[in-house]
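Accompanying notes for the structure given below.
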Protein chains: 2
Amino acid sequence: MTDGALREPTFLILTALAARPQHGYGILLDVEEISEGRVKLRAGTLYTALDRLSADGWVAVDREQVVDGRLRRYYRLTDEGAARLEIEVQRLRSQTRAAERRLRLRPAGGTA
Amino acid sequence: MTDGALREPTFLILTALAARPQHGYGILLDVEEISEGRVKLRAGTLYTALDRLSADGWVAVDREQVVDGRLRRYYRLTDEGAARLEIEVQRLRSQTRAAERRLRLRPAGGTA
DNA sequence: CGGTATATACCGATCATCGGAGCATTGCAA
DNA sequence: TTGCAATGCTCCGATGATCGGTATATACCG
């Protein structure tokens with residue numbers, strides 16, 4: 001659980017759920033917004049990830065609604081999931097700091 | 001080249017090379033240090049990644065030495081590789097900020 | 001004499017993600 | 001009224017970075 005790095009889609013899905021529960025399609029749109037349009041999740045990626053994250057106990061089904069004959073399944077971040085996301089944020093912070101520090105040390109105008 | 005997210009090992013390899021050229025085994029040790037002991041690269045991962053990054057033009061062979069009858073192949077980060085790493089750092093910064101913002105909005109004591 | 005450190009190479013397995021197709025409903029535009 | 005986009009979930013094969021392990025070789029330590 002404190003294991004390896006999360007992949008970008010997984011990280012963004014957890015982030016999308018951090019503030020409030022959302023249903024699949026809502027997560028899809030939110031991830032696109034969070035990533036400033038860079039990441040457009042495939043439906044398969046999203047629902048597969050949601051199943052996996054549920055099995056891991058990081059997200060859970062919050063409730064289900066039917067709106068206009070279409071099912072909406074809402075997911076929420078569990079406390080465990082929030083803890084995992086916080087660990088991930090720490091890891092990313094520390095590693096981006098290391099990368100910046102080293103980039104600054106880089107001798108300018110290296111031979112490409 | 002401005003594409004998807006880098007995986008953690010790839011990011012750390014580029015970071016290890018950001019300040020100065022290093023040979024494979026040196027990168028292996030450096031990555032472990034940068035990641036505070038969390039990431040111990042498999043030899044296969046490292047050399048495969050180095051080949052791939054060379055093909056992408058992000059790293060290049062700097063020089064080769066023979067020390068104690070053992071080959072040392074030094075790699076350096078190219079300007080293109082440094083630019084890619086900087087983009088990655090920006091991306092990570094923006095996404096960690098988003099995650100932190102949302103975690104702060106999270107209603108405390110949610111049902112686990 | 002055996003194990004650990006140094007150093008690189010190669011190989012099959014794993015698994016998250018990609019890229020698509022499929023199904024069903026609503027609403028808008030041609 | 002036909003067609004296409006948006007909404008919403010499901011399933012499937014392909015891809016590719018990483019993992020885990022093996023191999024090879026030298027040097028040094030106990």
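Values below: every heavy atom of this structure, side chains too, minus hydrogens, waters and symmetry copies. Throughout, protein chains are lettered first and strands after them, A, B, ... in sequence-line order, and every chain is numbered starting at 1. Worth saying up front: this structure is predicted, and the values here are computed from it rather than measured.
The side chain of P9(A) has dC18(C) as its nearest neighbour among dC18(C), dA17(D), dG20(D).
Between L50(B) atom CG and dC10(C) atom C1' there is a gap of 15 Å when expressed in whole angstrom units. Between W58(A) atom CH2 and dA16(C) atom C1' there is a gap of 12 Å when expressed in whole angstrom units. The CG atom of L6(A) sits 14 Å away from the C1' atom of dC15(C) (whole-angstrom rounding). Between L41(B) atom CG and dT18(D) atom C1' the separation is 9 Å, expressed in whole Å. Regarding I27(A), its CD1 atom lies at a distance of 13 Å from the P atom of dT17(C), rounded to whole Å. At whole-Å resolution of the value, CG in L12(B) and C1' in dT18(D) are 13 Å apart. Distance I13(A) CD1 to dC18(C) C1': 13 Å, rounded to the nearest Å. Rounded to whole angstrom, the span from the CZ atom of R42(B) across to the C1' atom of dA23(D) amounts to 16 Å.
Residues R73(A) and Q65(A) fail the side-chain proximity criterion, which asks for heavy atoms closer than 4.5 Å. Using a 4.5 Å heavy-atom cutoff, the side chains of R76(A) and L17(A) are not in contact. With contacts defined as side-chain heavy-atom distances shorter than 4.5 Å, the pair V31(A)/L46(A) does not qualify.
Distances shorter than 4.0 Å separate some side-chain N or O of T10(A) from OP1 or OP2 on dT17(C). OP1 or OP2 of dT18(D) has at least one side-chain nitrogen or oxygen of R52(B) nearer than 4.0 Å.
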Contact letters for nucleotides 6-13 of chain D, in which S counts primed atoms plus P, OP1 and OP2 and B counts the base, heavy atoms under 4.0 Å: SBSBBB--

Step-by-step salt bridge (Lys or Arg N to Asp or Glu O under 4.0 Å) determination, D62(B) to R72(B): CA-CA 11 Å; D62(B) 194 61; R72(B) 278 188 183 176; over 6 Å; no

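Classification of R91(B) and E88(B) as a salt-bridged pair holds, one side-chain N sitting under 4.0 Å from a carboxylate O. Taking a cutoff of 4.0 Å between a charged side-chain nitrogen and a carboxylate oxygen, E8(A) and R38(A) qualify as a salt bridge.
For the pairing with H23(A), the ring pair (Phe, Tyr, Trp, His ring centres under 6.0 Å) check across Y74(A), Y75(A), Y47(A) returns one residue only, Y74(A).
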